[in-house]
Q: 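I have a structure I would like to understand better, so I am pasting it below and will then ask my questions one at a time.
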Number of protein chains: 2
Amino acid sequence: MLSLTCKTAIKAVIYLATKMETGEKAGIREIATFINASEHTVGKMLQTLVKEDVINSMKGPNGGFFITGKQKNQSLLKIIHAIDGTEIFQQCGLGLSKCSATHPCPIHDDYKIIRDGFKNMCQQKKISDLLEPVNDGLAYLMG
Amino acid sequence: MLSLTCKTAIKAVIYLATKMETGEKAGIREIATFINASEHTVGKMLQTLVKEDVINSMKGPNGGFFITGKQKNQSLLKIIHAIDGTEIFQQCGLGLSKCSATHPCPIHDDYKIIRDGFKNMCQQKKISDLLEPVNDGLAYLMG
DNA sequence: GATATAAAAGTATTTAAATACTTTTATTAC
DNA sequence: GTAATAAAAGTATTTAAATACTTTTATATC
């Protein structure tokens with residue numbers, strides 16, 4: 001459902017959030033290493049997140065990417081929309097282009113329940129929620 | 001989550017099931033047209049479904065693809081496993097290769113609930129269940 | 001058994017996502 | 001203001017899925 005880049009984005013933002021406490025910025029290479037992803041993919045993806053105001057960046061020496069306290073309260077959905085677009089939770093389970101309640105595919109209602117459940121979960125989970133288990137060593141961003 | 005080919009496969013099998021009543025076989029072109037998919041993709045995909053005993057085929061004049069009454073009682077999951085493999089409902093929501101209860105990603109538990117719910121739905125739905133609304137003109141395989 | 005039909009099988013191309021590379025721009029420190 | 005640093009931006013390549021094309025095999029009909 002989510003693209004690989006989107007999953008990478010979520011991990012990168014959580015990583016930035018773990019750095020927030022110390023006020024440190026993180027560079028592309030550092031982030032890519034920590035979440036075990038391609039530097040190039042991470043670089044491009046971070047650019048998008050900056051444009052969409054999910055995170056911030058500074059160029060130059062001591063520059064890098066960082067996140068504010070306000071941004072830490074953003075939901076997972078915000079990241080997903082920034083990377084994979086806003087249509088992602090509308091799509092038909094069988095790929096019909098115009099699937100709807102009045103022109104449903106055979107699994108329309110059942111799939112909608114699952115898809116909406118996933119969307120709700122992503123809407124409720126804030127970056128700050130996901131950060132805690134990582135900080136406590138109870139959850140991981142790689143491996 | 002499911003590949004495009006897998007969604008095509010599900011629609012193709014439902015279409016074959018609608019033909020079962022009359023005992024007719026359906027050719028690649030007919031199926032592809034009815035579910036609005038590429039003939040080539042459909043051809044290859046049907047070969048896989050035959051190998052995996054999800055459907056049957058006969059070569060030669062009056063040949064084509066067909067499904068038996070027993071096969072009509074197969075679950076969606078059977079089709080999904082045949083096309084996308086059996087690992088598909090094990091995968092981590094953030095793409096970690098070794099995500100587990102003892103080495104979880106930050107959304108492990110929440111994602112597992114969604115993923116297991118989807119799997120259960122696919123396990124419970126039989127081809128025969130999905131066929132009915134299509135036969136009754138209440139659900140569609142294209143559009 | 002020759003012919004026609006339709007799937008099976010094998011190979012090639014296209015497409016979109018992911019990854020890689022290069023150049024430009026902004027910022028800091030000296 | 002020069003040099004160094006790091007992101008931004010633009011372009012190119014790789015990869016895997018999807019799609020397309022070609023040849024072979026099995027079956028039915030005459």
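Every chain is numbered from 1, with letters handed out A, B, ... down the list of sequences.
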Q: Side chain of A:I28, heavy atoms from C-beta onward: which of D:dA7, C:dA29, C:dA7 has the nearest atom to it?
A: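 Of the candidates, D:dA7 comes closest.
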Q: Given D:dA6, C:dT28, C:dA7, which nucleotide is nearest the side-chain atoms of A:K59?
A: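 Nearest nucleotide to the side chain: D:dA6.
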Q: Can a side chain N or O of B:N62 be found less than 4.0 Å away from OP1 or OP2 on D:dT27?
A: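 Indeed not, no polar side-chain atom of B:N62 lies that close.
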Q: When you get a sec, tell me which of C:dA18, D:dA9, C:dA7 is the closest nucleotide to the side chain of B:S57?
A: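 Of the options given, the side chain of B:S57 lies nearest C:dA7.
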Q: Give one of base, sugar-phosphate or nothing for B:K51, where a contact means two heavy atoms less than 4.0 Å apart.
A: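 Sugar-phosphate, no base atom in range.
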Q: Let me know the distance between CG of B:L49 and C1' of C:dA8, rounded to the nearest Å.
A: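 These atoms are roughly 14 Å apart.
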Q: Looking at A:D116 and A:K112, is there a salt bridge between them, counting it only when a charged N and a carboxylate O are closer than 4.0 Å?
A: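 Salt bridge flag = yes for A:D116 with A:K112.
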Q: How close do A:N36 and A:M142 get, counting heavy atoms only, and between which atoms?
A: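 Shortest heavy-atom separation between A:N36 and A:M142 comes out as CB-CE, 3.7 Å.
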Q: D:dT5 P sits how many Å from A:R29 CZ, rounded?
A: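 That distance rounds to 12 Å.
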Q: Once you round to the nearest 0.5 Å, how far does CD1 of A:I83 lie from CD1 of A:I79?
A: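 One gets 8.5 Å once the value is rounded to the nearest 0.5 Å.
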Q: More 5' along DNA chain C: A:T8 or A:P61, using each one's nearest nucleotide?
A: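 Nearest-nucleotide comparison on DNA chain C picks A:T8.
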Q: Indicate whether OP1 or OP2 belonging to C:dA17 is found under 4.0 Å from a side-chain N or O atom of A:T41.
A: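 No, outside the criterion.
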Q: Using 30° and 60° as the class limits, which term best fits the ring planes of A:F118 and A:F89: parallel, tilted or perpendicular?
A: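 Aromatic pair A:F118/A:F89 classed perpendicular.
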Q: Counting only side-chain nitrogens and oxygens, does A:S38 get under 4.0 Å of the OP1 or OP2 atom of C:dA20?
A: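 Indeed, a polar side-chain atom of A:S38 lies that close.
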Q: Categorize B:G64 for me: base, sugar-phosphate, or nothing, with a 4.0 angstrom heavy-atom threshold over every strand shown.
A: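 Sugar-phosphate, no base atom in range.
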Q: Of the candidate nucleotides D:dT27, C:dA20, C:dA8, which contains the atom at the shortest distance from the side chain of B:Q47?
A: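 Output: C:dA8.
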Q: Looking only at side-chain atoms of A:K44, point me to the closest of D:dT11, D:dA20, D:dT27.
A: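 So the side chain of A:K44 is nearest to D:dT11.
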Q: Which nucleotide in the set C:dA7, C:dA20, D:dT5 lies at the smallest distance from any side-chain heavy atom of A:H40?
A: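 Between C:dA7, C:dA20, D:dT5, the one nearest the side chain of A:H40 would be C:dA20.
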Q: If you find the nucleotide of DNA chain C closest to B:V50 and the one closest to A:S3, which residue's nucleotide is nearer the 5' end?
A: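 Counting from the 5' end, the first nearest nucleotide belongs to B:V50.
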Q: For B:I127 and B:A17, work out which heavy atoms get closest and say how close.
A: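 Smallest heavy-atom distance, with atoms named: CG2-CB, 3.8 Å.
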